[in-house]
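Here the structure comes first, spelled out in structure tokens, and everything after it is commentary.
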Protein chains: 2
Amino acid sequence: MSAAAQERPLRIGEVAELTGTTPRTIRYYEEIGLLPEAEDREHGKRRHYTPDDVERLRELLRLKDLLGLSLDDLKRIVEAEAARAVLREQWQQTEDPTEQRQILEEALVHLAAQLKLVRARRTEIERLESELVARQRRVKSRLKSLG
Amino acid sequence: MSAAAQERPLRIGEVAELTGTTPRTIRYYEEIGLLPEAEDREHGKRRHYTPDDVERLRELLRLKDLLGLSLDDLKRIVEAEAARAVLREQWQQTEDPTEQRQILEEALVHLAAQLKLVRARRTEIERLESELVARQRRVKSRLKSLG
DNA sequence: CTGCTAGCTTACGTTTACGTAAGAAACCGC
DNA sequence: GCGGTTTCTTACGTAAACGTAAGCTAGCAG
């Protein structure tokens, strides 16, 4: 469905480059279940990725770095998303609008939870920033009073 | 000079409580030179702290958590501040306004560097936040179109 | 003085998140 | 087909940031 899936598959080194990480990290994330393993890859053969996979990994790294989440935290998020994805498949097939609504509402809950985290962080950062600005002002005024 | 220094000294457990960390962490920070060690404490006797020390530790923990700085990064910051403090003492005694100005300007450089870090973080956080909001909107509109 | 709790020192242990090395196999260009 | 690069698997190594345990002491409460 995604246009991205049509293009030449990316190799692990390219993905690492694009996301600013290393092949080892990518394999490790797969190993702990943070990234999915292609079930049809034969032993010893190369992994390949789509641009969507790159975006996915970028997002995980962002959550990790910006929110300070551990890989375990991320895994929980990923698993929750996966669970919702399963339900989505089941329920979209039945085309029952009541169930579909429930799925979307769960997605909203999920997003609200993440937003809460992000906004809390932003608030803390802003407080830190304004304290630094205040100090800056004090130093500047002392500089002025020195002539 | 600080009013805080007049009050009953705090023990390590209280400081840990107040900063949301543990005594072990505080001792560790002292061990690696992140927190100063009172030079007059006899071997085996208790550490004690002022409310200013608590604030100091809070700030370090904030920089660590919000900016994702390592203890090594923090140590560099602390050392830079200490170096500036030494110069301040020396030069304030001489009461040479030219030197005093230089100290203040160095402080500004220091603050500007930290502010740059903090603002970069805030920008990233804000981008993440707006992406989440966008997703939220999409889900909400799909909900509405479901009736 | 006597308990009791919290703190001290020393030292080894642990978790997280990968790094690194070795040997083999997969592609890719020629 | 072949050399060169990249990847694969397996497994051991490691740095950072503390945790934990043991034996001992400070210092206060009664």
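Below, chains carry the letters A, B, ... as their sequence lines are ordered, and counting in each starts from 1. All values derive from a computational prediction rather than experimental measurement.
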Please give, in whole Å, the distance from D:dA15 C1' to B:Ile32 CD1? 13 Å
Nearest whole angstrom, please: distance from the P of D:dG23 to the NE2 of B:His43. 17 Å
Under 4.0 Å between a side-chain N or O of A:Tyr28 and OP1 or OP2 of C:dT16? no
Minimum-distance nucleotide (side-chain atoms of B:Thr25 versus D:dG19, D:dT6, C:dC8): D:dG19
So with a 6.0 Å cut-off around NE2 of A:His110, is the heavy-atom count from everything else above 12? yes
The nucleotide from D:dA17, C:dA17, D:dT7 with an atom nearest the side chain of A:Arg27 is D:dT7
Counting only side-chain N and O atoms of B:Thr22, is one of them less than 4.0 Å from OP1 or OP2 of D:dG19? yes
Do any side-chain nitrogens or oxygens of B:Arg41 fall under 4.0 Å of OP1 or OP2 in C:dT9? yes
Return whichever of B:Asp72 or B:Lys45 has its heavy-atom-nearest nucleotide of DNA chain D closer to the 5' end. B:Asp72
Mind calculating the distance between CD (A:Glu14) and P (C:dC28) to the nearest angstrom? 11 Å
Of all the nucleotides listed (C:dA11, C:dG7, D:dG27), which has the minimum atom distance to the side chain of B:Arg24? C:dA11
Within the distance-only criterion (no hydrogens, no angle test), does the side chain of A:Lys75 pair as donor or acceptor with the backbone N or O of A:Ile32 below 3.5 angstrom? yes
Measure from the side chain of A:Ile12, starting at C-beta and using heavy atoms only, and say which of D:dT7, D:dT9, D:dC18 lies closest. D:dT7
May I ask you to evaluate whether B:Tyr29 reaches the phosphate of D:dA17, defined as a side-chain N or O under 4.0 Å from OP1 or OP2? no
Rounded to the nearest angstrom, tell me the gap between atom NE2 in A:His48 and atom P in C:dC28. 11 Å
Using the salt bridge (charged side-chain N to carboxylate O under 4.0 Å, His left out) definition, which of the options A:Glu131, A:Glu129, A:Glu124 pairs with B:Arg62? A:Glu131
Is the backbone of A:Arg11 close enough, under 3.5 Å, to the side chain of A:Glu14 for a donor and an acceptor to pair up by distance? yes
Distance in angstrom units between B:Leu71 CG and D:dA15 P, rounded: 16 Å
Spacing between A:Leu60 atom CG and C:dC18 atom C1', to the nearest angstrom: 16 Å
Can you check the A:Leu69 CG to C:dT16 P distance for me, whole Å? 15 Å
Just N and O in the side chain of A:Lys64: are any of them under 4.0 Å from OP1 or OP2 of C:dC18? yes
Between A:Arg46 and B:Glu31, which has a closest nucleotide on DNA chain C that is more 5'? B:Glu31
Side-chain heavy atoms of A:Glu30 within contact of A:Arg47, under 4.5 Å: yes
Measure the distance from CD1 on B:Ile26 to C1' on D:dA17 and round it to the nearest whole Å. 14 Å
With a cut-off of less than 4.0 Å, is there a side-chain N or O of B:Arg47 near OP1 or OP2 of C:dT9? yes
